[in-house]
Amino acid sequence: MKTTIKQLLQSTDYNRQAEAKGWVRNRRSSKNVNFITLNDGSTSLNIQIVANENINENILKEINAGACLHVKGTWQASQGAGQAGELVADEIIILGKASPENYPIQPKAHSFEFLRENAHLRSRTTTFGAVFRIRHNLAFAIHQYFHQKGFYYWHSPIITGSDAEGAGQMFHVSTLPHLNPPLTEDKKVDFSEDFFGMETSLTVSGQLEAELGAMGLGNVYTFGPTFRAENSNTSRHLAEFWMIEPEMAFYELVDNMDLVEDFLKYVIKYALDNCVEDLKILDQKFKEEEEKKKKEERAEMGLLEKLQFVVNNPFERLTYTEAVEILLNSPAHKKKKFQYPVSWGVDLQSEHERYLVEKHFKKPVILNNYPKTIKAFYMKQNEGEEVGKETVRAMDVLFPQIGEIVGGSQREEDYDKLLARIKEVGIDPNNLWWYLDTRKFGTAPHSGFGLGFERLVLFVTGMGNIRDVIPFPRTPKNASF
RNA sequence: GCUUUUUUAGCUCAGCUGGUUAGAGCACUUGACUGUUAAUCAGGGGGUCCUUGGUUCGAGCCCAAGAAAAAGCGCCA
């Protein structure tokens, strides 16, 4: 097995033979000595290779940024100041050349837009190396958290025949010919001729299937790709993203809120404990980006400070009704600063959520018990409420800068109420017979939530655009790589 | 999808009121330099000014249409 640069850098066992393989970040030369900065992705830190006269000049010429090297030499304490150890090369083998005139990644700061257009190479940069290592660690922490809690990883299908949740426009999945597909008698596409014998799409949510799992296994979670064909052009939306959806039998809304808070704190703490080097790099990058902004638009905390704060402070919990009260009494409302008017019953806009999180409470907020009319059909209806003021047991977790990071609810377990609500919103109950069956046979109170994985990564890395926290982003008009 | 902004060298950008041969830093290249840290110093090469059409004696600059990108909004995770 190969030794990584991370392992070598941790070693103080000097004056021994060692090897390193990686990609050249930079080469500096003077008359008798060359210094090569090499990185293999195992850590954000680079290793310094010292190449003396014994290395052939023709080989040195091919050691340009981007080239891949295998270096054999002596690991020794560094004579220079920037690093503890350095690898003095006896032999350098060029595994892969990189033409210096064409290789796009230079040893300098590039814009995120440029690197997005070079997404196939951006994992070789310091920032993106850090982002993707943190992304991995967060994914691992999520699995570890649920595993420790006795949850089962439940694989909900990616191709689905149900268009029930109404979470967004769906991508169709079909093997029928685009031109002249088979038609039914009333001139519609005849999906009975299609691969699955029915109209199918990519999933917009694994929740309904997760509920089925929870009704047998108790506590389950999904963690998989999710697809929404919405023409959303923002720094917080992707057409293909990864979502975590735990679903728990015998959880009431308050248990759901307890879980989501504990869960978010756990995974953020995991990153703080296990991604120190990478977070320091991003903390620095965050500082630089903030300095470009106007003073009034700058964040109050640095990245590391913000993550510590979230881990160490309780989230604010309040009902939708209380939130509306706060908004109505806010100076922003009185001075008519809100673009969208607030009143009980309207869906809160980004500006309202931001006001609550960033101005009023200055901490993560869990909003709960929303009006029934603005939430999905499967949410549990509260009882004994005034007509026109009915609420459901929904909860959204709002984070500073990100907005809604989690949406969840206690589910309606009453068969009659659920069926009535399904009909009310215009869904054909026949399409959801399997979902309704869980309420028919041994129904149980249960709850769950959905976490947008990239929004979590966005928050933890402090990056500004969700397209920069997934290796190959899919957005409207972009499916390259 | 809507609003605003942007598009000039490989990258990041400047380009005045429309006026001769479009500039800078970095990168690249050649050379110098006894240990550098995005090394430094000196020389050199490098342009479909996003596209199409228009106005004008003359357009990187003005007008129109289109494309792409970014920020904000909507939809949401």
Side-chain angles (χ1 to χ4, degrees), chain A residues 24-37 45-53 61 64-66 78-83 86 88 98-118 125-126 165-169 204-207 222 225-245 260 292-293 297 338-340 347-354 374-376 396-399 402-408 449-459 464-468 470 475-478 480:
Chain A
V24 176
R25 287 288 172 84
N26 190 15
R27 175 168 67 92
R28 299 173 292 277
S29 68
S30 62
K31 196 171 186 180
N32 299 320
V33 64
N34 279 256
F35 299 98
I36 302 153
T37 306
L45 303 174
N46 305 313
I47 193 168
Q48 167 152 289
I49 309 295
V50 183
N52 289 314
E53 302 91 329
K61 276 187 181 167
N64 308 113
S78 179
Q79 294 175 38
Q83 55 284 313
E86 62 191 14
V88 181
S99 157
E101 274 158 25
N102 298 321
Y103 183 65
I105 313 293
Q106 299 167 15
K108 60 170 270 185
H110 289 286
S111 68
F112 289 137
E113 288 86 350
F114 174 75
L115 291 171
R116 218 171 282 152
E117 287 163 13
N118 290 279
T125 65
T126 306
E165 208 208 349
Q169 288 289 112
V204 293
S205 166
Q207 181 202 313
T222 72
T226 310
F227 307 87
R228 305 224 174 137
E230 297 286 348
N231 191 12
S232 293
N233 295 291
T234 81
S235 54
R236 306 183 308 282
H237 287 86
L238 291 165
E240 176 182 298
F241 64 100
W242 289 67
M243 188 150 66
I244 296 101
E245 293 175 292
V260 74
K292 290 181 194 166
K293 295 182 187 170
E297 287 169 12
F338 290 136
Q339 195 189 335
Y340 294 87
D347 210 352
L348 297 183
Q349 305 294 317
S350 294
E351 58 176 347
H352 307 137
E353 296 178 348
R354 293 187 74 132
I374 59 172
K375 286 290 180 183
D396 285 357
V397 181
L398 310 178
F399 265 26
I402 310 289
E404 187 179 340
I405 196 166
V406 167
F449 62 81
L451 166 73
F453 183 54
E454 282 75 18
R455 290 193 179 172
L456 175 69
V457 183
L458 198 56
F459 183 76
N465 192 312
I466 202 162
R467 291 162 205 168
D468 296 329
I470 186 168
T475 52
K477 302 269 194 288
N478 181 16
S480 297

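The sequence lines fix the lettering, A, B, ..., with proteins before strands; numbering per chain opens at 1.
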Taking the side chain from A:Gln207 and the backbone from A:Phe449, do they hold a donor-acceptor pair closer than 3.5 Å?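 A pair under 3.5 Å: no.
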Does A:Glu454 use its side chain to pair, donor to acceptor, with the backbone of A:Ile470 at less than 3.5 Å?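 No, A:Glu454 side chain to A:Ile470 backbone: no donor-acceptor pair under 3.5 Å.
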Look at all strands and tell whether [X] reaches a base, only sugar-phosphate, or nothing, counting heavy atoms closer than 4.0 Å.
{"X": "A:Gly80", "answer": "base"}
{"X": "A:Glu240", "answer": "nothing"}
{"X": "A:Glu454", "answer": "nothing"}
{"X": "A:Leu238", "answer": "base"}
{"X": "A:Arg25", "answer": "nothing"}
{"X": "A:Ser235", "answer": "sugar-phosphate"}
{"X": "A:Asn233", "answer": "base"}

Set of side chain to side chain contact (heavy atoms under 4.5 Å, CB included) partners for [X], sequence neighbours left out:
{"X": "A:Ser350", "value": "A:Arg236"}
{"X": "A:Thr226", "value": "A:Arg228, A:Phe241, A:Met243"}
{"X": "A:Glu240", "value": "A:Phe227, A:Arg474"}
{"X": "A:Asp347", "value": "A:Ile374"}

Report the nucleotide, chosen from [options], that has the shortest atom-to-atom distance to any side-chain atom of [X].
{"X": "A:Thr234", "options": "B:G74, B:G72, B:G1", "result": "B:G74"}
{"X": "A:Met243", "options": "B:A77, B:A38, B:A70", "result": "B:A77"}
{"X": "A:Arg228", "options": "B:G1, B:A77, B:C75", "result": "B:A77"}
{"X": "A:Asn465", "options": "B:C76, B:A70, B:A77", "result": "B:A70"}
{"X": "A:Gln48", "options": "B:U12, B:C75, B:G35", "result": "B:G35"}
{"X": "A:Asn32", "options": "B:C75, B:U34, B:A77", "result": "B:U34"}
{"X": "A:Gln83", "options": "B:A38, B:U37, B:G74", "result": "B:U37"}

Length of the line joining [X]:[atom1] and [N]:[atom2], which is rounded to integer Å:
{"X": "A:Lys477", "N": "B:A70", "atom1": "NZ", "atom2": "P", "value": "13 Å"}
{"X": "A:Arg28", "N": "B:U36", "atom1": "CZ", "atom2": "C1'", "value": "5 Å"}
{"X": "A:Asn231", "N": "B:G72", "atom1": "CG", "atom2": "C1'", "value": "15 Å"}
{"X": "A:Lys375", "N": "B:C75", "atom1": "NZ", "atom2": "P", "value": "11 Å"}
{"X": "A:His352", "N": "B:G74", "atom1": "NE2", "atom2": "C1'", "value": "13 Å"}

B:A77 pyrimidine/purine six-ring stacking with A:Phe241, under 5.5 Å and 30°: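 Yes; by the centre-distance and plane-angle rule, A:Phe241 counts as stacking on B:A77.
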Within less than 4.0 Å of OP1 or OP2 of [N], is there a side-chain N or O belonging to [X]?
{"X": "A:Asn478", "N": "B:A69", "value": "no"}
{"X": "A:Arg236", "N": "B:C73", "value": "yes"}
{"X": "A:Ser30", "N": "B:U36", "value": "no"}
{"X": "A:Arg354", "N": "B:G72", "value": "no"}
{"X": "A:Ser350", "N": "B:G74", "value": "yes"}
{"X": "A:Arg467", "N": "B:A70", "value": "yes"}
{"X": "A:Ser232", "N": "B:C75", "value": "no"}

Show each protein N/O and nucleotides 26-29 of chain B N/O combination with a separation under 3.5 Å, one pair to a line.
{"from": "B:A27", "atom 1": "O4'", "to": "A:Gln106", "atom 2": "OE1", "distance (Å)": "3.3"}
{"from": "B:C28", "atom 1": "O2'", "to": "A:Glu101", "atom 2": "OE2", "distance (Å)": "2.9"}

Set of ring pair (Phe, Tyr, Trp, His ring centres under 6.0 Å) partners for [X], sequence neighbours left out:
{"X": "A:His110", "value": "A:Phe114"}
{"X": "A:Phe112", "value": "A:Phe128"}
{"X": "A:Phe399", "value": "A:Phe315, A:Phe459"}

Kindly say whether, by distance alone, the side chain of A:His237 makes a donor-acceptor pair under 3.5 Å with the base of B:C76?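 Indeed there is one.
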Writing each nucleotide of RNA chain B 5' to 3' as (, ), [, ], | or . by Watson-Crick or G-U pairing under 3.5 Å yields (((((((..((((.....[...)))).(((((.......))))).....(((((..]....))))))))))))....
Using a cut-off of 4.0 Å between protein heavy atoms and nucleotide atoms, how would you tag nucleotides 46-52 of chain B 5' to 3' with B, S and -? -------
How would you list, by chain and number, every residue that makes a salt bridge (Lys or Arg N to Asp or Glu O under 4.0 Å) with A:Asp468, sequence neighbours excluded?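 Only A:Arg116, A:Arg122 meet the salt bridge (Lys or Arg N to Asp or Glu O under 4.0 Å) criterion with A:Asp468.
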Starting at the 5' end of RNA chain B, which residue's closest nucleotide do you reach first, A:Asp396 or A:Pro476?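 The residue whose closest nucleotide sits nearer the 5' end is A:Pro476.
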Contact nearer the 5' end of RNA chain B, comparing A:Asn52 with A:Thr475: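 Between the two, 5'-proximity favours A:Asn52.
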Check step by step if ring-ring contact (aromatic ring centres under 6.0 Å, His included) holds for A:Tyr340 and A:His352. CA-CA 9 Å; A:Tyr340 294 87; A:His352 307 137; 7.1 Å; no
Once side-chain hydrogen bond (donor to acceptor under 3.5 Å, both in side chains) is applied, do any residues pair with A:Thr37, and if so which ones, sequence neighbours excluded?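 side-chain hydrogen bond (donor to acceptor under 3.5 Å, both in side chains) check on A:Thr37 returns A:Arg28.
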